[in-house]
Engineer: 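Have a look at this one before I ask anything.
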Amino acid sequence: MVENQIKNTMDQMEESMQELTRDLTEAQIEAVTTTSGPLLVLAGPGSGKTTVVTRRIAWLLAQGIPSWQLLALTFTNKAAGEMRDRVQSLLSETGQDQRGLTIMTFHGFCARLLRQHAEDANVSPNFTIYDTTDRRAALKQAVRNAGLDSSNWTPASVGEAISNCKNQLMTAETHDSGSGDFYTRSIGRVYKEYQTILTRNDAVDFDDLLLKVALMLRDNEAVRTSLQERFQYLMIDEYQDTNQAQFVIASALVGPQRNICVVGDPDQSIYGWRGADITNILDFEDQFQSAKVVSLGRNFRSTGHIVDASANLIQRNTSHRERTLHTELGEGEKVAVAGSVDEHEEAQEIVHGFRQRFIEGTPWREMAVLYRINSMSRVLEQKFRDAQIPYVVARGTAFYERAEIKDALSYLRMVVNPRDDVAMRRVINTPPRGIGKTSLDRLEKHAILNRLGLGEALDQVEEVPSLTARARTSMKRFIEMVARWRFDADGGSLVLDLPDFVSKVIKESGLEKAFRTSSSEEDIARLENLDELVTAAAEWTPPSEDESEEAEPLTILQQIAAWLESIALVSDADMVDPENGTVTLMSLHAAKGLEFDVVAIAGLEQGLLPHSRALEDDVEREEERRLFYVGMTRARRILRLSYAHRRTVRGITERTMASQFLDELPAESMDRQDTTDPWGSTGVKGVSVADWQVGATVRHPTFGLGMIRRVVPRPRGTTATIEFVEYGHRTLLVAQANLEIVSPDEHPWEGIDIPI
DNA sequence: CTTTCGCGAATTTTT
DNA sequence: TTCGCGAAAG
């Protein structure tokens, strides 16, 4: 009986194992079924990477590996979610479920480890994760504390330097600030100040999540071994985007059995600026001796011209390793290239094209516009709105960056972490409650004098003699308010759920009232945003803790903490909902890992793509090329590239030059619609552009009558080479030459035969 | 203490 | 164009 059952289970397993590899290519099967030892899967765009990773997980489970021994790390929540979903659907066929699997983002995983091993990692277990804005505030403070001039030491530049240090596992203590030049010494000082602030506030930044875990794993053998024993099988997605710290973490997690599988594509490495080290993937075979390498060579996503064009482009990179990718989806449409007068026309034409595709049967959700910088979304949004085409801008983090949302969240942060000074500073007088700069300065002086955090100083307002009675009362009221919230949240008198609690805080803090009193357009929007925050809290579900089956229900306080953490770790790409029936607008970076039937990439101009900050440097320009490559390869069937001859950035209109990358695409795969008419369809100075063509007759104030021979777009402006009747060839700037189109009636060429 | 105004600087990409 | 900061007014 029992034996029979076992046999049945075995049969079932065998069956599902066959099922798991049935429709795969040979390379894919190898990647799925190689379960022990180091494995590098080189996965070009559209090569079925997610399929391989999810099948591999299911395969391991089918082999009888307990789910809790598996760890899969990704970069975005979206990628993790998708992986979970696909694994789940594979497993549900055999009645299993994915409980116990750890599929997380790198940062999320690190945050969890840090809380679990807070003591070993030397952090408070209820630390706050600082986002870009908080970090900025802390950096500014640090520069001030270091006694440096804030105009020379901007948060951005200092932050980047510190980030680099952290990525290379250099702590504030190990930073070599004794020797080195003035710059290095100064950075060292700011770094120390910055870290002091973070520590005092029980806060960590994004880099710390990785750094602290890396150091803990490196230095603490007990923790390291226990994790190695727990996670026998490690998988890392988008390995080309890992940095030094992540490499150390990955290496430390790999136990003696060396079951590490990394998946990635060096040609899609686009986060070098964030410290990603492409050599991690390039040198994988050296780091993990006897590693097996599987290269997935078939592109299941895009049609021929798209594959060829992108392959041709990426070959220009010296970092590119020779590799062939082929598709069996046929040639498909050629890659279209269009030039427009300005960004408005460019956007308009994209909208037109999309509408056409929609009429032909492509749903809106299968279309996307990609661009290099987020500010380019503005014009596009406007045109899509005007055309009444549904669209979403994939900018998930934007909502949480709004002032009113940050305010509300800062109150919640104070509830969770009373030492969070950055949050406190933000809201102690928002909305105004009579605690101005002077009072805050006095409080701060007291704090410094007594070596206290600002929050601690606040707790003893009575001991600060310099404060006015008025300010003191306000402060006391403020402390009491927060303390009451904390009491309630921590299992206090009343029982509320998370959204109710959030709503309560928004009300009692006075935030709501501050916006309710006025009825300006803006304040109404803010109010709506706050409502949306409550909705978001209602929709949020706590991550299922895999460890204990019958986990106790979380207290409100714990829920808030977990919710805040999930907010801190959202990314733009997370907001792309494949279910929604809308066009997607997003940055090229956010598009990685996604695919659409129809893709338009806008702004193919020198200085934009490649970006001006990357023009000088070869290495950076190659990253721009990879970025363009990533964008191109998002398209399944239709790819349209465009640029504008003139673009307004930050209020100033400038003439542009088409991107050098366009010239790096193979002519046979391209459909260039931009060669004839550099002025697009609207023209300049009221003259119809159709007239500005080779062969048109013009009159110049000094040179008299002539015929246009050539029209060339140049960085300084479009030039026309004109054959004048009396003066011969002249090349002039069209915009300045004051040319006049002469109607065919007065045609001077009659009887005169000028060879063209 | 709060609000408003004007000036200057700046945005590449994001966990 | 938009944001953020400091100064000046209320």
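Chain naming here is simple, since letters A, B, ... match the order of the sequence lines and numbering starts at 1 in each.
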Engineer: Respond yes when some side-chain nitrogen or oxygen of A/R378 is under 4.0 Å from OP1 or OP2 of C/dT2, and no when none is.
Structural biologist: yes
Engineer: Is a side-chain donor-acceptor pair under 3.5 Å present for A/Q348 with A/D386?
Structural biologist: no
Engineer: Can you tell me the distance, in whole Å, between the CZ atom of A/R650 and the P atom of B/dG8?
Structural biologist: 16 Å
Engineer: Quiz question: by atom type and distance under 3.5 Å, do the side chains of A/E622 and A/T318 form a donor-acceptor pair?
Structural biologist: yes
Engineer: Do the non-hydrogen side-chain atoms of A/I162 and A/V190 ever get within less than 4.5 Å of each other?
Structural biologist: yes
Engineer: It should be established whether A/T438 places a side-chain nitrogen or oxygen under 4.0 Å from OP1 or OP2 of nucleotide B/dC1.
Structural biologist: yes
Engineer: Between atom NZ in A/K78 and atom C1' in B/dT14, what is the gap in whole Å?
Structural biologist: 17 Å
Engineer: How long is the line joining CG of A/D441 and P of B/dC1, in whole Å?
Structural biologist: 10 Å
Engineer: If the plane angle is over 60° it's perpendicular, under 30° parallel, otherwise tilted; pick one for A/F231 and A/F109.
Structural biologist: perpendicular
Engineer: Whether A/N374 contacts B/dT11 is assessed here as follows: a side-chain N or O lying under 4.0 Å from the phosphate OP1 or OP2. Is that the case?
Structural biologist: no
Engineer: Rounded to the Å, how far apart are A/L209 CG and B/dT14 P?
Structural biologist: 19 Å
Engineer: Looking only at side-chain N and O atoms, does A/T242 offer a donor or acceptor that is under 3.5 Å from a partner on A/N280?
Structural biologist: yes
Engineer: In terms of side-chain heavy atoms, does A/N201 have a donor or acceptor partner in A/Y130 at a distance below 3.5 Å?
Structural biologist: yes
Engineer: Using atom CE of A/M376 as one end and atom C1' of B/dT11 as the other, report the distance to the nearest whole Å.
Structural biologist: 14 Å
Engineer: Answer yes or no for this row: A/Y271 ring on B/dT13 base, centroids under 5.5 Å, planes under 30°.
Structural biologist: no
Engineer: Is the distance from OP1 or OP2 of C/dT1 to the nearest side-chain N or O of A/T648 less than 4.0 Å?
Structural biologist: no
Engineer: When you check the side-chain N and O atoms of A/Y400 and A/D131, is any donor under 3.5 Å from an acceptor?
Structural biologist: no
Engineer: Dump the pairs, protein N or O against N or O of nucleotides 4-10 of chain C, anything under 3.5 Å, distances to one decimal.
Structural biologist:
{"unit_1": "C/dC5", "atom_1": "OP1", "unit_2": "A/K140", "atom_2": "NZ", "d": "2.2"}

Engineer: Is A/T132 near enough to B/dT14 that one of its side-chain N or O atoms lies under 4.0 angstrom from OP1 or OP2?
Structural biologist: no
